Every structure is written in C-alpha cells, then in structure tokens.
2 protein chains.
Amino acid sequence: MKPPKQRSACALSSSLDILGDKWTLLILRDILFIGKSSYGEFAQSEEKMATNVLADRLALLECQGIVTKTVAADKKSKFTYRLTEKGLDLAPLMGELILWGHQHCANVDDTALMLELRQDQAGTIRKYQELARAAAR
Amino acid sequence: MKPPKQRSACALSSSLDILGDKWTLLILRDILFIGKSSYGEFAQSEEKMATNVLADRLALLECQGIVTKTVAADKKSKFTYRLTEKGLDLAPLMGELILWGHQHCANVDDTALMLELRQDQAGTIRKYQELARAAAR
DNA sequence: TATATTTGCTTGCGATTTGCAAGTGCAAAG
DNA sequence: CTTTGCACTTGCAAATCGCAAGCAAATATA
C-alpha cells in the first residue's frame, strides 16, 4: 500500500491528504470512542461502509502508522487494530468534529460522550486516550 | 444545490457528511487564515483544485450556511465569500488539523501561524475568528 | 464605440473511486 | 470432515474526479 501523494507543504492540506474522506475518521472513532478493534466490528457500524473501502482504509491507516495490526489474542484468524500514538493524537480533532456536528447539524443524537465533552473537553479526550492505551497493553 | 445525505445520527459522522473530502476545508482555510474571499483567489491556491469541484464546494458551503456569497464591493462581476458563525466555529477544528499535520506529516513547511498556534492555540484561533468577523463588516 | 480582458462559472470526457453483491481462503468448531 | 465465522478480494455499474476548453456578463483599454 502506497501513501497518498502530498498536494502541498501546507500542514492542513497534508492532514487532509490522509484523513480527507468520509470513512477514515469513522474507523478511528470506532476504535477510540466505542472500543472496537476488528474488521468485523467496523463493518457492522451504523454507517455501513463497503467492505472493500474498509479494507483499503485499514491498510492505509496501517501504512501511515496510525493503527497497528496484530493477530488477535483469542483467535489466530482474527486481527486486532489499535491506535498508535500518532493515532491517539487525532483525539482532539475528533472531539472538535463531534462538538461541531452536535452544534450545527440537524438530527444528531445526544450521547453521554457529548455531554462529557461539553463539560470537560480536554479531560474527556485524555480519558479516552488513556483507555485506548490501556487496551493496547 | 441539495445537501449531502446524512448517513447516521452520529455527530462525527454528520460532520464528515459535510466536511469529509479533500477540498472543502482547504477553501475554509483560505478564507480564515489567508484572508481570501473570491473564486479566483481560491482557484489559484497551491493545491490547484479543479474549477468544477471548486464551484460545487462553494455552492455546498453556501447551502449549508457555512459561507455567505455577496456581490463584491468593488466589482459587480465578482463575488465575496465570507464565513458565517457556523463557519467560524470550524476554526478550532482547523487548528487541530494544522497541528496534527505539522507533528506527524513529513515535508510540511513551518509557518508563523504554526508557531503562533503552538504557543497559544485558543488565543490564536480567537484572533483569526475576530479578523474574519472584522472583514465581514 | 469597438475590442480585449477579467471573473465566475459550465460542459465534455476519460480516468479513478465508490457502492453493492458475491466469492475466496483459512482457522476453528462440531 | 463438513460447517461456520472471519477477513478480505473480485467484478461491475454508477458516481465522482481531474483536466481542458468554452461561455456570458461586467469591466478595462483603445
């Protein structure tokens, strides 16, 4: 898997080269906030992403060093995807996406996470980063 | 212009329904951090987006209430695009994208904005929001 | 007043990417 | 030793994209 090409030396543009699509950040959301870790779990999420796109994005995330892929502890035929530190550093970004969506998009469900984020954004982000780190051990 | 369909009631997913592509946030970057305001200026930016995509994204941003489109003060054949409050609320998100890109992507230029963001993230975001509000008046 | 240029799109077209459905290979369970 | 579950892969039609050119209205220049 080859990395997507960089369109410019702009930091924002470079981030979008990797994250700028409708699916990638949903996978990371599933890992960070929902605690998912396998292909099958990602495939079942509410937004129903096509499996070829899922496989493509997982490969891309792995080659970018945002997630790691290891054989699952319980089954040899299963893989476990975890966030690296580079991936965990996307937590604040995801927090902002959640808050903006909640404030400005119609028909968005209220969740416990939302309430938590609004009351203590930085603390909530740290908490989920720590949970993900703990799961990786 | 019809809004893109919502894939689920998740806030993060709903934000991505609108912002999840490689171009939309670049336009908003140009307006907020670089001070651009017209079609021609957007078309000339470093990443060279195709003009049909530019026109499409501007229409989408306008119909979503993220930017306003008005006739330019100096020329009747020109339009001025400005951020609404909904658009200004994306400033923290853009800040996070810039910081992550700078930390984790190779070949990204250092800029004055980056230094500013790293020294006082919240203050810098407020400053650019205020600048954009001032330009709108 | 006639011509050229600027500005903001629109159109056509081949190439890429997507969504959907079905199929494949492998490991473990029965 | 057949069946089930998991992790993908493949085929194909439809949508989207990049690229180049074209177009119409407003302004600048001669």
Side-chain angles (χ1 to χ4, degrees), chain A residues 1-8 13 16-27 30-31 34-64 67-82, chain B residues 1-8 13 16-28 30-31 35-64 67-82:
Chain A
M1 172 69 51
K2 58 170 189 276
K5 68 176 166 200
Q6 197 173 29
R7 289 172 296 174
S8 80
S13 157
L16 290 177
D17 289 336
I18 298 171
L19 305 168
D21 77 285
K22 297 205 188 303
W23 301 110
T24 302
L25 282 162
L26 287 189
I27 297 174
D30 283 355
I31 301 179
I34 312 185
K36 293 182 182 176
S37 63
S38 68
Y39 184 96
E41 289 177 305
F42 303 140
Q44 281 161 31
S45 62
E46 214 181 342
E47 294 86 3
K48 298 283 171 220
M49 83 171 87
T51 55
N52 56 347
V53 175
L54 173 55
D56 178 80
R57 296 305 187 280
L58 282 173
L60 214 47
L61 284 169
E62 194 197 353
C63 98
Q64 287 292 319
V67 304
T68 57
K69 177 183 185 176
T70 55
V71 175
D74 53 335
K75 267 191 183 180
K76 279 182 190 167
S77 66
K78 201 172 158 185
F79 294 104
T80 298
Y81 296 90
R82 303 275 187 214
Chain B
M1 172 68 53
K2 57 168 187 276
K5 69 174 165 200
Q6 200 173 24
R7 290 172 295 173
S8 80
S13 156
L16 290 177
D17 289 337
I18 299 171
L19 306 168
D21 78 282
K22 296 206 187 304
W23 301 109
T24 303
L25 282 161
L26 288 188
I27 297 174
L28 300 175
D30 284 355
I31 301 178
K36 293 182 181 177
S37 63
S38 67
Y39 183 96
E41 289 176 304
F42 303 139
Q44 282 161 33
S45 62
E46 216 183 338
E47 294 85 6
K48 297 281 173 223
M49 84 170 86
T51 56
N52 54 348
V53 175
L54 173 56
D56 178 79
R57 296 306 187 277
L58 282 172
L60 213 45
L61 284 170
E62 195 197 354
C63 98
Q64 287 291 319
V67 305
T68 57
K69 177 182 185 176
T70 55
V71 176
D74 53 334
K75 268 189 181 178
K76 278 182 192 169
S77 66
K78 201 173 158 182
F79 294 104
T80 298
Y81 296 90
R82 302 275 187 214

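Atoms considered below: every heavy atom in the structure, side chains included; atoms not considered: hydrogens, waters and symmetry mates. The shown structure was predicted, so the numbers you read here are calculated from the model rather than taken from an experiment. Sequence lines set the chain letters: A, B, ... in the order given, protein chains first and strands last, and positions in each chain run from 1.
Heavy atoms only, all atoms of each residue included: A:Lys75 and A:Val71 are closest at O-CG1, 3.9 Å. When all heavy atoms of B:Lys2 and B:Leu60 are compared, the closest pair comes out as O-CD1, 3.8 Å.
Residue A:Lys78 places no side-chain N or O under 4.0 Å from the OP1 or OP2 atom of D:dC8. A close approach under 4.0 Å does not occur between any side-chain nitrogen or oxygen of B:Trp23 and OP1 or OP2 of D:dC17.
With rounding to whole Å, A:Leu54 atom CG is found 14 Å from D:dC6 atom P. Distance A:Glu47 CD to C:dG19 C1': 15 Å, rounded to the nearest Å. In this structure, CG of A:Asp21 is placed 14 Å from C1' of C:dG19, rounded to the nearest angstrom. Spacing between atom CG of A:Asp74 and atom P of D:dC6 amounts to 10 Å, rounded to whole angstrom units. Rounded to a whole Å, the NZ atom of B:Lys76 is 24 Å from the P atom of C:dT5. When the P atom of C:dG19 is taken as reference, atom CG of A:Asp56 falls 11 Å away, rounded to whole Å. Residue A:Asn52 contributes atom CG, which lies 11 Å from atom P of D:dT10 at whole-angstrom precision. Straight-line distance from the CZ atom of B:Phe79 to the C1' atom of C:dT7: 9 Å, rounded to whole Å.
For NZ of A:Lys48, the number of neighbouring non-hydrogen atoms (other residues, nucleotides, ligands) closer than 6.0 Å is greater than 12.
A donor-acceptor contact under 3.5 Å is not formed by the side chain of B:Ser38 with the base of C:dT7.
Out of C:dC9, D:dA7, C:dG19, the shortest distance to the side chain of B:Tyr81 is found at C:dC9.
At a threshold of 4.0 angstrom between heavy atoms, the contacts of A:Lys22 with the nucleic acid are absent. Note on A:Arg57: only backbone sugar-phosphate atoms sit closer than 4.0 angstrom, heavy atoms only; bases stay farther off.
If you run side chain to side chain contact (heavy atoms under 4.5 Å, CB included) between B:Tyr81 and each of B:Leu28, B:Leu61, B:Val67, only B:Val67 comes through.
Between B:Lys75 and A:Tyr39, the one whose closest nucleotide on DNA chain D sits nearer the 5' end is A:Tyr39. For the pair A:Thr51 and B:Gln44, nearest-nucleotide mapping onto DNA chain C gives the more 5' position to B:Gln44.
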Problem - B:Asp17/B:Arg7 under salt bridge (Lys or Arg N to Asp or Glu O under 4.0 Å): CA gap, chis, key distance, verdict - result: CA-CA 7 Å; B:Asp17 289 337; B:Arg7 290 172 295 173; 2.6 Å; yes
